[in-house]
Amino acid sequence: MRKYGLIIIAGFCLAVVVFGHLHWKNISQTAGIEAREAAAKAKEKETEERDALIQSLKPENNKKQPLIDYLHYKSLTQDKVIVSLVGSNGTSGTGASNTSKSWAGLLEKSLRADRDDLETLRFINHGHEGYSTEDLLKGRKIEAVIQDDPDLIIFENSLINNHYQSLSLEQTEKDLESIMTKLQKELPNTKVLIISPNPVANSKTENSLGLNYLDYIQASEQVIKFNKWTYMNSKEEIEKKLSKKNMRLADILTNDNIHPNDQGHYIWFEVMKEYFKQ
């Protein structure tokens, strides 16, 4: 009798174990299903939010869109975002102690940090020391920019070197039109931002043609305004910053009184950063 009792007890324990296992297995399966459903809903919500963000940043819906939003939109709709820079000494980083302290290097780093989706952003620098607008054309540097197939071009008009090399205002205007014609023809969907070079200490010094640096800026601005091209006067914006900071122009230029030093490049970067968010 005792033997049968032990068998009954053992059978009961086994049943408890089996049913307990099945119960917890069922709970585990239910929890797994619920977790998968929750993950699917979260992903669906994330997709909806991403799609809504893309729609809100779509250039067609934002005629006066800040450049940082334009680049953000590009980063959400394609694998990489390319910004090509072309110009002379200011673009190449002349005067900065290293490229990371140039306005271009600082701007690239800042844009990446400002938006998580801009991690794929890449700057390609075609700045060439001593190059005039004529040199950019003859050296086929504009073709190099076109090969990049960029989303945005920052074109520093090489007016300091045009003045130094005594290029005529007519030639300067013609070069500017030729450069923009090439870019707009080959890259019709690419945004182009033209910027002037930095301020210099000898802006009223005349060259062999009797022209000063300001004459070149004014002549170029007339062409830019007539064609309704996107433009920022770096010289004026940097000078405004200096006034607000109670600084002298000499404080931000190297010993040649032409090229910006590290501090000058940083102020130029601040100007560019603010423009990108306007």
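FYI, side chains are in, hydrogens and waters are out, and symmetry mates aren't considered; it's all heavy atoms of this structure.
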Using modelled atom types and a 3.5 Å cut-off, is there a donor and acceptor pairing between side-chain atoms of [X] and backbone atoms of [Y]?
X: D69; Y: P66; value: no
X: N233; Y: I195; value: no
X: S234; Y: S196; value: yes
X: D175; Y: E134; value: yes
X: E108; Y: F123; value: yes
X: T77; Y: Y73; value: yes
X: D148; Y: P150; value: no
X: Q78; Y: K80; value: yes
X: N89; Y: G130; value: yes
X: S102; Y: G105; value: yes

Any non-hydrogen side-chain atom of [X] less than 4.5 Å from a side-chain atom of [Y]?
X: S132; Y: L167; answer: yes
X: L169; Y: L209; answer: no
X: L57; Y: Q65; answer: yes
X: N227; Y: M180; answer: no
X: V83; Y: I124; answer: no
X: T230; Y: V192; answer: no
X: L242; Y: I267; answer: yes
X: L193; Y: Y275; answer: yes

If you look at every heavy atom in [X] and [Y], which pair is closest and at what distance?
X: S203; Y: N212; answer: O-CB, 3.2 Å
X: L136; Y: G87; answer: CD2-O, 3.7 Å
X: P199; Y: L249; answer: CG-CD1, 3.8 Å
X: R140; Y: E143; answer: CA-OE1, 3.1 Å
X: S166; Y: N207; answer: OG-CB, 3.4 Å

Can you tell whether the side chains of [X] and [Y] come within less than 4.0 Å, N to carboxylate O?
X: E274; Y: K241; answer: yes
X: D151; Y: R122; answer: no
X: E270; Y: K273; answer: no
X: K235; Y: E239; answer: yes
X: D135; Y: K138; answer: no

Transitive ILVMFWY side-chain link [X] to [Y], under 4.5 Å:
X: L159; Y: M232; answer: no
X: L85; Y: L71; answer: yes
X: W268; Y: L67; answer: yes
X: Y131; Y: I194; answer: yes
X: I82; Y: F155; answer: no

(message) Evaluate E186 against I142 for side chain to side chain contact (heavy atoms under 4.5 Å, CB included), listing each step before the verdict.
(response) CA-CA 10 Å; E186 300 298 328; I142 306 307; over 6 Å; no
(message) Can you see whether Y231 has K225 sitting over its ring - NZ or CZ less than 6.0 Å from the centre and within 45° of the normal?
(response) no
Determine whether more than 12 heavy atoms belonging to other residues, nucleotides or ligands lie under 6.0 Å from atom [atom1] of [X].
X: D116; atom1: CG; value: no
X: N61; atom1: CG; value: yes
X: Y164; atom1: OH; value: no

Rounded distance (nearest 0.5 Å) linking atom [atom1] of [X] with atom [atom2] of [Y]:
X: E221; Y: L176; atom1: CD; atom2: CG; result: 11.0 Å
X: Q184; Y: I179; atom1: CD; atom2: CD1; result: 12.0 Å
X: I160; Y: N162; atom1: CD1; atom2: CG; result: 10.0 Å
X: L107; Y: H265; atom1: CG; atom2: NE2; result: 13.0 Å
X: S88; Y: N157; atom1: OG; atom2: CG; result: 8.5 Å
X: H259; Y: I252; atom1: NE2; atom2: CD1; result: 13.0 Å

(request) Determine, stepwise, if the pair D251 / R248 fulfils side chain to side chain contact (heavy atoms under 4.5 Å, CB included). (result) CA-CA 5 Å; D251 295 331; R248 304 172 305 154; 2.9 Å; yes
(message) In terms of relative ring orientation, are H163 and Y213 parallel, tilted or perpendicular, with 30° and 60° separating the classes?
(response) tilted
(message) Once you measure the plane-to-plane angle for H128 and H126, does it fall in the parallel (<30°), tilted (30-60°) or perpendicular (>60°) bin?
(response) tilted
(request) Before giving the answer on side chain to side chain contact (heavy atoms under 4.5 Å, CB included), spell out for L183 and V145 the whole-Å C-alpha distance, their side-chain angles and the decisive distance to 0.1 Å. (result) CA-CA 8 Å; L183 294 176; V145 171; 4.2 Å; yes
(request) With E129 as reference, evaluate N161, T91, T94 under the side chain to side chain donor-acceptor pair (under 3.5 Å) test and give the passing residue. (result) T94
(request) Verify whether one side chain among N261 and T254 offers a donor that lies under 3.5 Å from an acceptor in the other. (result) no
(message) Can you see whether S75 engages T120 through a side-chain donor-acceptor pair at a distance of less than 3.5 angstrom?
(response) no
(message) Under the side-chain contact (heavy atoms from CB on, under 4.5 Å) test against V81, which residue among L152, D117, L121 passes?
(response) L121
(request) Let me see the working for K240 and E237 under salt bridge (charged side-chain N to carboxylate O under 4.0 Å, His left out), right down to the final yes or no. (result) CA-CA 5 Å; K240 289 178 186 177; E237 295 304 318; 3.3 Å; yes
(message) With side chain to side chain contact (heavy atoms under 4.5 Å, CB included) as the criterion, how do V223 and W229 come out once you've worked through the C-alpha distance, each side chain's angles and the decisive distance to 0.1 Å?
(response) CA-CA 9 Å; V223 176; W229 293 327; 3.8 Å; yes
